[in-house]
Each structure stands twice: as C-alpha cells, then as structure tokens.
Amino acid sequence: MKKLSLAVALFVLPAVAQAWPWSQDMANQVSIKPQESVNPDAPGMTPFPKRSVPVKGTTTFVKDQEAARKMANPIAADEKSVAMGGRLFEIYCVACHGQSGKGDGLVGAKLVMLPWNLTNSNEMHTWDAKDYPDGHIFGYMSLGGAVMPSYANDLSAEERWHVVNYVRKVLQKAPAAVAAAAAK
Ligand code: HEC
C-alpha cells in the first residue's frame, strides 16, 4: 500500500514527473533550434539579418497591475475601435468569459476558478471607472491573473485597448472616454 501511494504521488506531482529523463527527449533531439546558427564555424545564435526590425508592440512591459491601472486609454472608443475589439474579444476571451462577458464560457467552466464577470452584473465589485479604470482591464490582458493567462504576446498594446473599448462600450454599456477621463 505504501509503495502504491508513493508511485501515485510520483506520477501526480508534475514537478517530479518533469524530472524523468524521457521528459527532455523532444527538446534534446538533433534539430536546429530557433535562431540557432547552422554554420559550424560560427556556432551560437545567428545575428539578425541585415535591415530586419523587431515587430512593433507585441509586448508591452507593464511592471505590474498597479502600474497598468494608472495607464490612460490612448484609443478613442469610436465605432471602428469597438468593432475591432469585439472581433478580438470573440477570438481571445469568449472561450472563458463567454459571449455575454459574464464568465460563462465553455472553457471557463472547466477551470479551478470561474472567469470573473466583465459586465455590470459583477457580484464582486462594480465597474466604476474610479476603482476599476480602463487600465485595470488592460493590465489583466497584459499580465494575466492567477488563473487567466497573459495575452501580451497575442494582442498588441493597441489591440488590447480596442478590447478594453469593447468591454466598456458593449459589455458594460459605458463610454470608455468617460471611464478614461474619470481614471485621471
Ligand atoms: C483561459 C480562460 C480565460 C481567458 C481566455 C480570458 N480570461 Fe480573463 N479571467 C479568467 C479568470 C479565471 C479570471 C479570474 C481572475 C484570475 O485568474 O486571477 C479572469 C479575470 C479577468 C479580469 C478581471 C476582472 C475583475 O473583476 O477584476 C479581466 C478584466 C479579464 N479577465 C479580461 C479578459 C479579457 C479582455 C480576455 C481576452 C483578451 C480574457 N480575460 C481572457 C480567465 C480567462
């Protein structure tokens, strides 16, 4: 019985399971890794090709949620922005937060903690822009939460603000410009 419970514990603990030699096999195969040099005379990382430029704005380095909350929304919540935000919300957020934004998405239902309610019917807090400014929503997308993953690599900073505008205007039915002004 003792042996069995030890075996079970070993397989259940992901940290222990990671340490098995075969868990590295895929990583250690003979292959060229991203940006690895193929020139045996110049091993290591290949320099970037001439005139290549980094992709703009894929990650915004917001220090923490506190700093994010102080950010002002730079994008006006006009029709175009809200429409773009709606499309992105559909792709990245609906799975968990649901079409309604209330946290009733199909994937969200399987999480250890249900996704929080992004609408005005939020039972934990109101979405009063004084306490929950646009930057709060932007921060969650940039940094993620305890369970929610970060979307900083999937959405550019600009795209994240479009999503904020959609959440404010459509899900919370409040004009984002007003919310942004109140946050100042
Ligand atoms: C994998 C599921 C998942 C996805 C996808 C997801 N979220 Fe979340 N979200 C959560 C969970 C769970 C929480 C609860 C807080 C936590 O994880 O710390 C949360 C919390 C939040 C909060 C905080 C709400 C509050 O009351 O303060 C915001 C804002 C938010 N999400 C926005 C978004 C937006 C916008 C997207 C799409 C870009 C998104 N989330 C995508 C799971 C998800």
Side-chain angles (χ1 to χ4, degrees), residues 11-15 17-18 23 26 54-184:
F11 278 98
V12 167
L13 272 178
Q18 281 289 320
S23 60
M26 290 294 275
V55 179
K56 193 172 132 241
T58 42
T59 303
T60 292
F61 297 97
V62 189
K63 193 167 140 264
D64 50 26
Q65 187 66 12
E66 186 85 15
R69 286 170 63 97
K70 293 199 182 104
M71 292 174 80
N73 186 345
I75 305 219
D78 56 18
E79 217 172 290
K80 221 169 134 197
S81 164
V82 172
M84 169 66 83
R87 279 201 294 281
L88 296 169
F89 188 86
E90 190 92 33
I91 297 168
Y92 293 101
C93 320
V94 161
C96 287
H97 289 279
Q99 202 89 46
S100 67
K102 288 182 180 158
D104 53 2
L106 291 174
V107 174
K110 297 192 187 300
L111 300 178
V112 290
M113 172 167 58
L114 282 182
W116 293 349
N117 188 343
L118 304 179
T119 75
N120 285 330
S121 66
N122 188 323
E123 45 302 303
M124 294 186 297
H125 62 78
T126 66
W127 281 102
D128 188 326
K130 273 205 302 306
D131 305 320
Y132 289 87
D134 287 9
H136 172 78
I137 304 171
F138 181 88
Y140 255 89
M141 273 185 271
S142 308
L143 305 157
V147 173
M148 178 173 151
S150 152
Y151 286 91
N153 287 325
D154 305 295
L155 296 165
S156 69
E158 200 178 304
E159 287 171 329
R160 274 172 259 162
W161 288 116
H162 290 317
V163 175
V164 168
N165 286 341
Y166 174 79
V167 170
R168 286 294 200 207
K169 267 239 153 144
V170 179
L171 299 183
Q172 302 179 356
K173 297 180 181 65
V178 173
K184 278 181 198 144

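Every number for a ligand or one of its atoms is a count from 1 in the order of the listing. Excluded from the calculations below are hydrogen atoms, water molecules and symmetry mates; all remaining heavy atoms, backbone and side chain alike, are included. All figures in this text were calculated on a predicted structure; none of them were measured in a lab.
- Of the polar atoms of Tyr151, none of the N or O atoms is found under 3.5 Å from an N or O of ligand 1, judged by distance alone.
- Taking every non-hydrogen atom of Met113 and a distance limit under 4.0 Å, the qualifying atoms of ligand 1 come out as 12 (C), 14 (C), 15 (C), 16 (C), 17 (O), 18 (O).
- Protein heavy atom nearest atom 7 (N) of ligand 1, with residue, atom name and distance: His97 NE2, 2.8 Å.
- Looking at Val147 against ligand 1, both its backbone and its side chain come within 4.0 Å, counting heavy atoms.
- Nearest protein heavy-atom contact of atom 2 (C) of ligand 1 is Cys96 SG, 1.9 Å.
- A distance-only check finds a donor-acceptor pair linking the side chain of Arg160 to the backbone of Leu155 [under 3.5 Å].
- Both the sub-6.0 Å distance and the 45° axial angle are not jointly satisfied by Arg87 relative to the ring of Tyr92.
- Which parts of ligand 1 touch Leu111 is read off a 4.0 Å heavy-atom cut-off, strictly below it: atoms 2 (C).
- Residue contacts with ligand 1 leave out Val167, since none of its heavy atoms falls under 4.0 Å from the ligand.
- One N or O on the side chain of Asn165 and one on the backbone of Ile75 form a donor-acceptor pair closer than 3.5 Å.
- Screening Asn120, Thr119, Leu114 for a side chain to side chain contact (heavy atoms under 4.5 Å, CB included) with Asn117, the sole residue that qualifies is Thr119.
- The heavy-atom pair separating Arg168 from Pro133 by the smallest distance is NH2-C, 3.2 Å.
- In terms of protein heavy-atom proximity, atom 11 (C) of ligand 1 is nearest to Pro115 CA, 3.5 Å.
- Residue Met84 qualifies as open at atom CE: its count of foreign heavy atoms under 6.0 Å is 12 or below.
- Atom 18 (O) of ligand 1 has its closest protein heavy atom at Ala146 N, 2.7 Å.
- Distances from ligand 1 to the non-hydrogen atoms of Val107 include no value under 4.0 Å.
- In this structure a side-chain-to-backbone donor-acceptor pair under 3.5 Å is present from Glu159 to Ser156.
- The closest approach between any non-hydrogen atom of Pro149 and ligand 1 is below 4.0 Å.
- In this structure, the separation between OH on Tyr166 and CG on Leu118 is 10.5 Å, given to the nearest 0.5 Å.
- Heavy-atom proximity to Tyr92, at under 4.0 Å, picks out these atoms of ligand 1: 5 (C), 37 (C), 38 (C), 41 (C).
- Residue contacts with ligand 1 for Trp127 involve side-chain atoms from C-beta outward but no N, CA, C or O (heavy atoms, distance under 4.0 Å).
- For Met148, heavy-atom contacts with ligand 1 shorter than 4.0 Å involve the backbone as well as the side chain.
- Gln65 places no side-chain N or O within donor-acceptor distance of the main-chain N or O of Leu143, the cut-off being under 3.5 Å.
- Counting heavy atoms under 4.0 Å from ligand 1, residue Asn122 touches it through the side chain alone.
- Taking a cutoff of 4.0 Å between a charged side-chain nitrogen and a carboxylate oxygen, Asp128 and Lys130 qualify as a salt bridge.
- Pairing each heavy atom of His136 with each of Trp127, the nearest pair is CD2-CZ3, 3.6 Å.
- Among the atoms of Cys93, no N, O or S atom falls under 2.8 Å of atom 8 (Fe) of ligand 1.
- Ranked by closest heavy atom to atom 22 (C) of ligand 1, the top entry among Tyr140, Phe138, Tyr166, Trp116 is Tyr140.
- Side chain of Ser142 to backbone of Phe138: a donor-acceptor contact under 3.5 angstrom is found.
- Scanning the protein heavy atoms around atom 27 (O) of ligand 1, the nearest turns out to be His136 NE2, 2.7 Å.
- Pairing each heavy atom of Leu171 with each of Gly101, the nearest pair is CD1-CA, 4.0 Å.
- Nearest heavy atom pair, residue Ala77 against residue Lys169, reads O-NZ, 3.4 Å.
- Looking at atom 28 (C) of ligand 1, its nearest protein heavy atom turns out to be Leu118 CD2, 3.5 Å.
- When only interatomic distances are considered, the shortest N/O to N/O separation between Met141 and ligand 1 does not fall below 3.5 Å.
- Ligand 1 places these atoms under 4.0 Å from at least one heavy atom of Val163: 35 (C).
- Looking only at protein heavy atoms, the nearest one to atom 26 (O) of ligand 1 is His125 NE2, 2.6 Å.
- For the pair Arg160 and ligand 1, no heavy-atom separation below 4.0 Å is found.
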